[in-house]
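Comments concern the structure below.
Keep in mind that this is a model prediction, so the values were computed, not measured. Below, read A as the first sequence line, B as the second, and so on, with proteins coming before strands; counting in each chain starts at 1.
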Amino acid sequence: MLELTGITKSYGTKRVLDDVSFRVGSGRLTGFVGGNGAGKTTTMRIVLGVLGRDGGEVTVDGSPVTAADRRLFGYMPEERGLYPKMRVLEHIVYLARLHGFDKADAASRAEALLVELGLGERLRDNVETLSLGNQQRAQIAAALVHDPQVLILDEPFSGLDPLAVDVVAGVLQARAAQGAAVLFSSHQLDVVERLCDDLVIIAGGTIRAQGTRDALRAAHAQHRYELISRGDLGWLREEPGVSVLSFDGGYALFDIVDADGTDPDDTARRVLQRAVAAGDVASFTPKQPSLAQIFKEVIQ
Amino acid sequence: MNVSTPSFAQSTWLVAEREVGSKLRSKAYLISTGILFVLALVGVLWGGFSAQSDSRTPVAVTADTVASVADNPALKATEVADAAAARALVQDGTVDAALIPGGTAPFDFTVVAKDSAPTSLLQALSLTPQVELLEPSDVNPGLRYLVALGFGLIFFMAALTFGSTIAQSVVEGKQTRVVELLISAVPVRALLAGKVIGNTILAMGQIIGLAAIAIIGFTVTGQSGLLAGLGAPIAWFTVFFLFGFILLASLFAAAAAMVSRQEDIGSTTTPLTMLVMAPYFLVIFFNDNPLVMTIMSYVPFSAPVGMPVRVFLGDAQWWEPILSLVIMLATCAAAIWVGAKIYENSLLRMGARVKLSEALAG
């Protein structure tokens, strides 16, 4: 488990990270979400030790991270970095060997990984001849080839087409299933929502929310329901504790509002019972807030 | 699965191997090295054969005039029956000139030539007063100039080529951010050491190749005399170049680490480039100035050129190259230390040029 405690960082007088603390559990995918300039990349670079920190601590399984620990990290920097004039396979083999694999092992691992990521046809091409999406896949291979226990990926999905997103997501999930702690940042909130187990939301250099995806959703639940029925739903407007947002004959979207300390769930149940009594209910669905909604709410 | 933390030496060697491999795959590098080797071979062979070929002036003589040209190394005499036969040989071009009996004092012969008398013949036949040299030079000034120029040029070209290569390699790593991946796997100093060693291997490969071409060329053309004189200077040059290049390479790598883009390399490496060019110009202008050459042979940046030239001229005592080498080694160690510090402090700082004071701090 990777843990950050009270990380601070300033550039001159500008404080870019302020008391950043969160955990990345082993075997879990943790999404790291924030706007531009929120501090995601700075945080990741500090974890990797490519940037110094002014205060705080980074620990793995309770002990401070050393250079030897970092050797077992996998990193994908925000600005992609591979030698343009090296062949794809040769490059990944080189990185594997730097991480301590012998020649034969490095070669077989690198090839298997590149094939898994869909680059099997391009192994002997120079990195610079690959499309951006394929360079991205090669970059992911560079981060994964040494079977890291901790994976730090800065925007691994940017620039990938939907199929490639699925391939990469599958690879990351497999790594997490094998026990790696995976932290990745992304602007594609729908991908993060679909993929991650845990979420960390950062804004202005401070952590605004963190926890499991489901817990965050529950915490920001807004008691919003969608009701579809064959009968007329006009009565909803007069129902106490209900605020209708959208209404069209047999369709209604409404929020349960706080009414004299009544349990919102009770109100919802009452509405459903009345709807069933009034006619044929096609569906009654609680609307979960999307990650995008939670994100907007949290960073305000 | 065979995975273990690689040692510092293993990491260094992997980095060095990549440096060498990527350079050997560059067509531009292979072609330019090939051209350099061919030019060196042509130069050595041309020099050797032209020294060997018969440059004597052919002249025709009769029984009466043969004594005047006997034992003259500049002339190749052909004895004919009489003046008429000698004239005929001049006429048909077999000889450049003929010496026929009869002439004005102090000569007892007349030179016959087609349209003008060959200068070499006239010089050979001229009377010159006795000359006494107080400080005779045992090395021909032309040869001294050529040897000095040769060492100067080779040092300058090889040091600059591979100095720029290492600088570009450092900035390439920074610019593409691949360095962020590398240093999460290997220590920063192993990265620097690998780059320096890799480029030193490349540079030494070129120097040893040139030395081999020179030795083979001199042997093939039968210039064993020149070879005996140049053998020791070439050996010293190779040793001095090795450490001189490590010294320069560490500084080139450090200077390059201070910038983040290829376009900015010049701003930090220009002083080093000047330092590499200086010995070349100094030997051209001062190869006959013993004081300047002595100073040059001890200053580490110019010793790889200065000391071999002095050894060639026979000016250096046996212990002088050794003392100079010790100074070189000490400077080399200091340069590696300073270079590593600058490299470590600058490598991850992107954007604007890192100030020297900041690069040295901490």
Side-chain angles (χ1 to χ4, degrees), chain A residues 11 41 44-52 65-87 90-106 108-109 126-128 135 138-139 141-143 145-148 150-152 154, chain B residues 1-8 10-29 165 168-191 194-195 198 260-262 344-352 361-362:
Chain A
Y11 287 121
T41 297
M44 289 180 155
R45 286 166 60 91
I46 285 175
V47 172
L48 260 296
V50 296
L51 189 67
V65 171
T66 62
D69 292 331
R70 289 204 173 98
R71 204 183 270 278
L72 302 174
F73 284 16
Y75 177 43
M76 177 166 177
E78 180 194 30
E79 292 185 58
R80 307 305 181 218
L82 292 175
Y83 286 114
K85 302 240 181 261
M86 272 180 103
R87 291 181 187 142
E90 177 192 40
H91 204 312
I92 305 305
V93 170
Y94 173 58
L95 292 171
R97 294 190 67 196
L98 285 180
H99 277 284
F101 288 94
D102 68 27
K103 210 169 183 173
D105 245 356
S108 61
R109 303 176 70 83
N126 277 1
V127 171
E128 63 186 350
Q135 287 191 22
Q139 195 76 50
V145 71
H146 52 291
D147 260 351
V150 175
L151 261 171
I152 310 286
D154 206 347
Chain B
M1 190 166 81
N2 297 313
V3 60
S4 57
T5 304
S7 68
F8 186 86
Q10 282 169 322
S11 307
T12 302
W13 181 245
L14 277 170
V15 175
E17 218 175 36
R18 197 206 76 86
E19 290 288 313
V20 174
S22 68
K23 196 77 185 171
L24 289 184
R25 202 176 308 141
S26 146
K27 285 195 185 69
Y29 171 74
T165 301
Q168 279 164 10
S169 159
V170 168
V171 177
E172 183 190 32
K174 248 185 114 164
Q175 196 167 15
T176 60
R177 308 295 166 109
V178 72
V179 73
E180 293 189 3
L181 290 184
L182 299 181
I183 63 159
S184 64
V186 296
V188 177
R189 278 166 191 256
L191 201 54
K195 282 187 188 294
S260 304
R261 299 182 307 160
Q262 298 284 3
E344 271 185 318
N345 284 338
S346 313
L347 196 57
L348 292 170
R349 298 187 45 175
M350 303 295 168

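- The part of A:Tyr94 that comes within reach of chain B is its side chain, from C-beta onward, which places non-hydrogen atoms under 4.5 angstrom from that chain.
- Of the listed residues (B:Ser184, B:Ser7, B:Gly173, B:Ser22), the one with the most heavy-atom contacts under 4.5 Å to chain A is B:Ser184.
- Rounding to the nearest 0.5 Å places CG of B:Leu14 at 10.5 Å from CG of A:Leu95.
- The closest side-chain heavy-atom distance from B:Arg25 to A:Arg87 is below 4.5 Å.
- Side-chain contact between B:Pro6 and A:Arg71: present, with at least one pair of heavy atoms (C-beta onward) separated by less than 4.5 Å.
- Taking 4.5 Å as the limit, some side-chain heavy atom of B:Glu172 sits within range of a side-chain heavy atom of A:Pro84.
- Looking at residues two or more places apart in sequence or on another chain, you find no side chain to side chain donor-acceptor pair (under 3.5 Å) involving A:Gln139.
- Contact of A:His91 with chain B is made through the side chain alone, with heavy-atom distances under 4.5 Å.
- Contact annotation for B:Val15: both backbone and side-chain heavy atoms come within less than 4.5 Å of a heavy atom of chain A.
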Verdict with reasoning, B:Arg18 to A:Arg97, per side chain to side chain contact (heavy atoms under 4.5 Å, CB included): CA-CA 11 Å; B:Arg18 197 206 76 86; A:Arg97 294 190 67 196; over 6 Å; no
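- For B:Gln175, no part lies near chain A; criterion is any non-hydrogen pair under 4.5 Å.
- With respect to A:Glu78 and B:Arg177, no salt bridge is recorded, no charged nitrogen being found less than 4.0 Å from a carboxylate O.
- Heavy-atom distances place both the backbone and the side chain of A:Leu82 under 4.5 Å from chain B.
- Taking every heavy atom of both residues into account, B:Leu182 and A:Leu98 meet most closely at CD2-CD1, 3.5 Å.
- Heavy atoms only, all atoms of each residue included: B:Leu181 and A:Pro77 are closest at CD2-CD, 3.9 Å.
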